[in-house]
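Positions are given from 1, in the same order as the sequence printed here. These numbers were taken from a predicted model, which means no experiment stands behind them.
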Amino acid sequence: MLAAADAADLDDGPRTQKSATERMCAVTRQVRPIDELIRFVVAPTGEVVADLKRKLPGRGLWVTGSRAMVEQAVRRKAFAKGFKRDVKVAPTLAADIERLLVQSVCDALAIAAKARQVVSGFGKVGSALKAGEAVAMLHAADGAADGIRKLGALSRQIDGDATVSREFPVITVLNSEELDLALGRSNVIHAALLAGPAGRTFLSRCQILVRYRLADDGNGTAVIAGPPNKTPNDAADDSPADANAADEDAADDAADEVCANAHNVERLGRLNG
């Protein structure tokens with residue numbers, strides 16, 4: 001019979017997820033909640049595939065859900081060592097995953113818009129703020145600072161007049177082109193998310209994308225005010241014992257940065273939970 005520690009490192013497919021809530025990251029060797037990790041499987045072609053929805057069959061290997069950790073996994077050949085076989089790993093794997101996560105966020109925003117849980121435009125966002133209907137503000141990452149500053153001032157003014165502070169997130173994970181495509185409009189710079197289940201799905205996916213970017217620029221290219229949150233975990237097989245010290249230190253530093261900056265996504269977690 002397997003020891004508990006050994007069993008925690010095994011993943012024979014999606015069914016395991018029903019009983020296991022934590023896994024070990026193949027890069028850092030730290031145990032984390034599965035919601036904060038990315039699961040990888042090997043396709044029949046031998047190519048390593050990111051199983052973002054954790055539904056693909058086969059043995060899985062887990063990596064902390066940040067771009068820096070995926071890049072570490074590729075560079076240190078953690079997939080071949082973890083799966084104990086020759087595998088094909090695209091050199092652009094980390095960037096490809098980010099594009100998939102951005103697309104996932106855009107899709108969720110489009111669904112929220114169809115459910116009438118999003119308003120866009122400076123005037124409509126201001127009205128949603130004044131009416132107390134907004135649960136989050138969205139600004140294009142490449143938007144002008146002036147409009148962002150004015151809406152921020154309005155939000156703070158309304159919040160100051162309220163008996164209870166709302167402290168909702170301000171999200172800048174998408175650029176104006178991505179907002180245009182998601183909302184089916186042109187020149188979208190500002191938007192507000194309204195309460196509803198579709199909006200919670202959008203927030204949840206934003207949280208994943210922000211976490212993925214955290215270790216790279218320190219704030220996930222998103223301004224999301226708020227206190228601390230937990231960070232992802234876990235995964236599969238043997239970590240490379242032969243990795244050089246510089247790689248080990250870089251992995252540890254990136255993992256520490258994820259933890260240190262996790263407070264940036266905590267409010268998203270509370271809203272979508």
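- Salt bridge status for D146 with R149: present, with a side-chain N to carboxylate O gap under 4.0 Å.
- Residue C206 holds its SG atom at 4.5 Å from CD1 of I171, rounded to the nearest 0.5 Å.
- Judged by distance alone, with hydrogens and angles left aside, the side-chain atoms of S127 form a donor-acceptor pair with the main-chain N or O of G123 at under 3.5 Å.
- Salt bridge D35/R54: present, at least one basic N to carboxylate O contact under 4.0 Å.
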Checklist entry - Hey, mind stepping through L151 and H190 against side-chain contact (heavy atoms from CB on, under 4.5 Å) and telling me if it holds? => result CA-CA 9 Å; L151 285 172; H190 310 289; 3.7 Å; yes

Checklist entry - Could you go step by step and tell me if F79 and V42 meet the side-chain contact (heavy atoms from CB on, under 4.5 Å) rule? => result CA-CA 9 Å; F79 296 108; V42 180; over 6 Å; no

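- Here the CG atom belonging to L181 is positioned 11.0 Å from the OG atom belonging to S186, to the nearest 0.5 angstrom.
- Side-chain atoms of Q117 come within 3.5 Å of backbone atoms of A198 as a donor-acceptor pair (strictly under, hydrogens ignored).
- Going from atom CD1 of I97 over to atom CG of L209 covers 12.0 Å, rounded to the nearest 0.5 Å.
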Checklist entry - Please walk me through it: do R185 and S120 pass side-chain hydrogen bond (donor to acceptor under 3.5 Å, both in side chains)? => result CA-CA 9 Å; R185 296 185 53 184; S120 59; 2.5 Å; yes

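- A continuous path of Ile, Leu, Val, Met, Phe, Trp and Tyr side chains, each step under 4.5 Å between heavy atoms, connects L129 with F122, placing both in one hydrophobic cluster.
- Under the 4.5 Å side-chain heavy-atom criterion for Ile, Leu, Val, Met, Phe, Trp and Tyr, L52 and V89 are members of the same hydrophobic cluster.
- Taking hydrophobic clusters as Ile, Leu, Val, Met, Phe, Trp and Tyr residues chained together by side-chain heavy-atom distances below 4.5 Å, I189 does not share a cluster with L174.
- The pair E71-R67 meets the salt-bridge criterion, since a charged nitrogen lies less than 4.0 angstrom from a carboxylate oxygen.
- The minimum heavy-atom distance linking F83 with F40 is given by the pair CZ-O, 3.4 Å.
- Between the side chain of T28 and the backbone N or O of Q30 there is at least one donor-acceptor pair closer than 3.5 Å.
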Next on the checklist: Under the criterion side-chain contact (heavy atoms from CB on, under 4.5 Å), I'd like the reasoning laid out for R213 against V102: C-alpha separation, chi angles, the key distance, then a yes or no.
Outcome noted: CA-CA 11 Å; R213 291 172 168 172; V102 169; 3.4 Å; yes

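- Counting all heavy atoms, side chain and backbone alike, A26 lies closest to L61 at CB-CD2, 3.7 Å.
- We find the CG-CZ distance between L101 and R211 to be 12.0 Å, quoted to the nearest 0.5 Å.
- Residues L109 and V118 are in side-chain contact: their nearest non-hydrogen atoms beyond the backbone lie under 4.5 Å apart.
- In plain terms, the two heavy atoms of A112 and G199 that are nearest each other are CB-N, 4.2 Å.
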Next on the checklist: Between V125 and M137, does the side-chain contact (heavy atoms from CB on, under 4.5 Å) criterion hold? Intermediate values first, please.
Outcome noted: CA-CA 8 Å; V125 171; M137 269 199 298; 4.1 Å; yes

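- Judged by distance alone, with hydrogens and angles left aside, the side-chain atoms of T92 form no donor-acceptor pair with the main-chain N or O of A95 at under 3.5 Å.
- The shortest side-chain heavy-atom distance between T64 and Y212 does not fall under the 4.5 Å cut-off.
- Here the CG-CD1 distance, from D51 to I38, works out to 10.5 Å after rounding to the nearest 0.5 Å.
- Here the shortest heavy-atom pairing between L179 and V188 reads CD1-O, 3.8 Å.
- Hydrophobic cluster membership is shared by L214 and L100, with clusters built from Ile, Leu, Val, Met, Phe, Trp and Tyr side chains linked at under 4.5 angstrom.
- The shortest distance between side-chain heavy atoms of V105 and V173 falls below 4.5 Å.
- To the nearest 0.5 Å, atoms CD (Q103) and CD (E98) are separated by 13.0 Å.
- In this structure, A141 and T172 approach most closely via the heavy-atom pair CB-O, 3.5 Å.
- For the residue pair A43 and V49, the shortest heavy atom distance occurs at CB-CG2, 3.9 Å.
- L193 and V119 fall into different hydrophobic clusters, defined by Ile, Leu, Val, Met, Phe, Trp and Tyr side-chain heavy atoms under 4.5 Å apart, directly or through other members.
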